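In what follows, a structure is listed as structure tokens, so that the remarks can point back to it.
Quantities reported herein were computed from a predicted structural model and do not represent experimental measurements.
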Amino acid sequence: MASKLRGVVGTKVPPNSKTLEEARNRTFVFFKKACRSLPTVMNIYYLHDVVTISQLRSTISAEIRKNSHVTNPKVIDMLLFKGMEELTNIVDHAKQRHHIIGQYVVGRKGLVEDLGTKDQGVSDFLKRFYETNYF
């Protein structure tokens, strides 16, 4: 199993990017490494019944696109370092299955998104009770 992970684990941190184009290329290289390690991650954490590889790939892509507004190469290098550290921790099995499911399958929003106020469908009695009994 160690031979499969040779490309991810033990990867040295390259020197800082000099230009934005170089940082952009390093981002693509990181994305490719992360996508190539997904089958191994699926096997390590037994995620086949919860999510597909394409869904995890789109989650990784969304995490990278979340920082697409960053234009400073040093900041991009720092984000890539943090991403590589996260990937290494996942591949090294430093996280448990529920951490992976909570962070990358379910997402930060949780299972159900809050679409409205919590008081919808609550009786008048409960509304008055909540209003008067909150300190």
Side-chain angles (χ1 to χ4, degrees):
M1 183 157 181
S3 62
K4 290 181 190 176
L5 307 178
R6 187 170 290 142
V8 175
V9 178
T11 303
K12 303 256 189 231
V13 178
N16 288 335
S17 301
K18 294 178 182 169
T19 63
L20 186 60
E21 188 63 31
E22 186 179 351
R24 184 174 180 265
N25 289 335
R26 287 184 181 177
T27 304
F28 288 135
V29 169
F30 168 73
F31 179 72
K32 288 177 187 175
K33 278 185 184 180
C35 289
R36 287 181 184 143
S37 67
L38 285 179
T40 306
V41 171
M42 293 283 286
N43 290 333
I44 290 172
Y45 294 100
Y46 304 109
L47 297 175
H48 298 288
D49 58 338
V50 180
V51 69
T52 63
I53 290 179
S54 64
Q55 289 170 331
L56 284 177
R57 191 179 310 117
S58 66
T59 302
I60 293 170
S61 175
E63 288 291 322
I64 290 174
R65 285 192 179 117
K66 189 169 62 175
N67 296 310
S68 64
H69 65 281
V70 177
T71 56
N72 187 348
K74 289 184 180 183
V75 175
I76 294 172
D77 287 340
M78 186 266 313
L79 290 170
L80 287 174
F81 176 76
K82 288 175 68 176
M84 185 55 89
E85 183 180 25
E86 180 76 11
L87 180 63
T88 304
N89 286 340
I90 290 171
V91 171
D92 285 346
H93 210 300
K95 293 187 175 226
Q96 295 181 0
R97 184 175 191 255
H98 69 276
H99 295 142
I100 303 300
I101 292 173
Q103 288 178 341
Y104 301 108
V105 177
V106 176
R108 308 226 189 274
K109 295 180 183 175
L111 288 173
V112 180
E113 291 184 32
D114 187 20
L115 298 176
T117 62
K118 302 262 183 197
D119 293 336
Q120 277 183 328
V122 177
S123 68
D124 289 334
F125 171 76
L126 285 178
K127 286 181 185 177
R128 282 183 277 142
F129 177 78
Y130 292 145
E131 288 172 3
T132 58
N133 287 318
Y134 284 144
F135 299 103

Under 3.5 Å, is there a donor-acceptor pair between the side chain of Q55 and the main chain of V51? no
Are M78 and V29 linked, directly or through intermediate hydrophobic residues, by side-chain heavy-atom contacts shorter than 4.5 Å (ILVMFWY only)? no
Do V70 and M84 land in one hydrophobic cluster if side-chain heavy atoms of ILVMFWY residues count as linked below 4.5 Å? yes
Closest non-hydrogen atom pair, I100 against L47: CG2-CD1, 3.8 Å
Which value, rounded to the nearest 0.5 Å, describes the distance between I44 atom CD1 and I90 atom CD1? 9.5 Å
With a 4.0 Å cut-off, would you call E86 and K82 a salt bridge? no
Quick one, S37 with L87, criterion side chain to side chain contact (heavy atoms under 4.5 Å, CB included). Give me CA distance, side-chain angles, the key distance, then yes/no. CA-CA 9 Å; S37 67; L87 180 63; 3.3 Å; yes
Donor-acceptor pair, side chain of T27 and main chain of A23, under 3.5 angstrom: yes
Of the non-hydrogen atoms in H98 and Q96, which two are nearest, and what is the gap between them? CE1-OE1, 2.9 Å
Gap between atom OH of Y46 and atom CZ of R97 - 0.5 Å precision: 10.0 Å
Within the side chain of D92, is there an N or O that forms a donor-acceptor pair under 3.5 Å with the backbone of A94? no
Smallest heavy-atom separation, R57 atom then C35 atom, equals CG-SG, 3.4 Å
NZ on K33 to CD1 on I60, rounded to 0.5 Å: 13.5 Å
Rounded distance (nearest 0.5 Å) linking atom OG of S58 with atom CD of E63: 10.5 Å
Looking at every heavy atom in both S17 and P73, which two are closest together, and how far apart are they? O-CB, 3.9 Å
With ring pair (Phe, Tyr, Trp, His ring centres under 6.0 Å) as the test, would you mind laying out the steps for H93 and Y45 before giving the verdict? CA-CA 8 Å; H93 210 300; Y45 294 100; 4.8 Å; yes
Taking every heavy atom of H48 against every heavy atom of N43, the minimum-distance pair comes out as NE2-OD1, 3.0 Å
CZ-CG distance between R26 and N16, expressed to the nearest 0.5 angstrom: 7.5 Å
Just how far is it from atom CD1 of I64 to atom CD1 of I76, taken to the nearest 0.5 Å? 11.5 Å
Looking at R24, I'd like to know if its CZ atom is crowded, meaning that more than 12 non-hydrogen atoms belonging to other residues, nucleotides or ligands lie closer than 6.0 Å. no
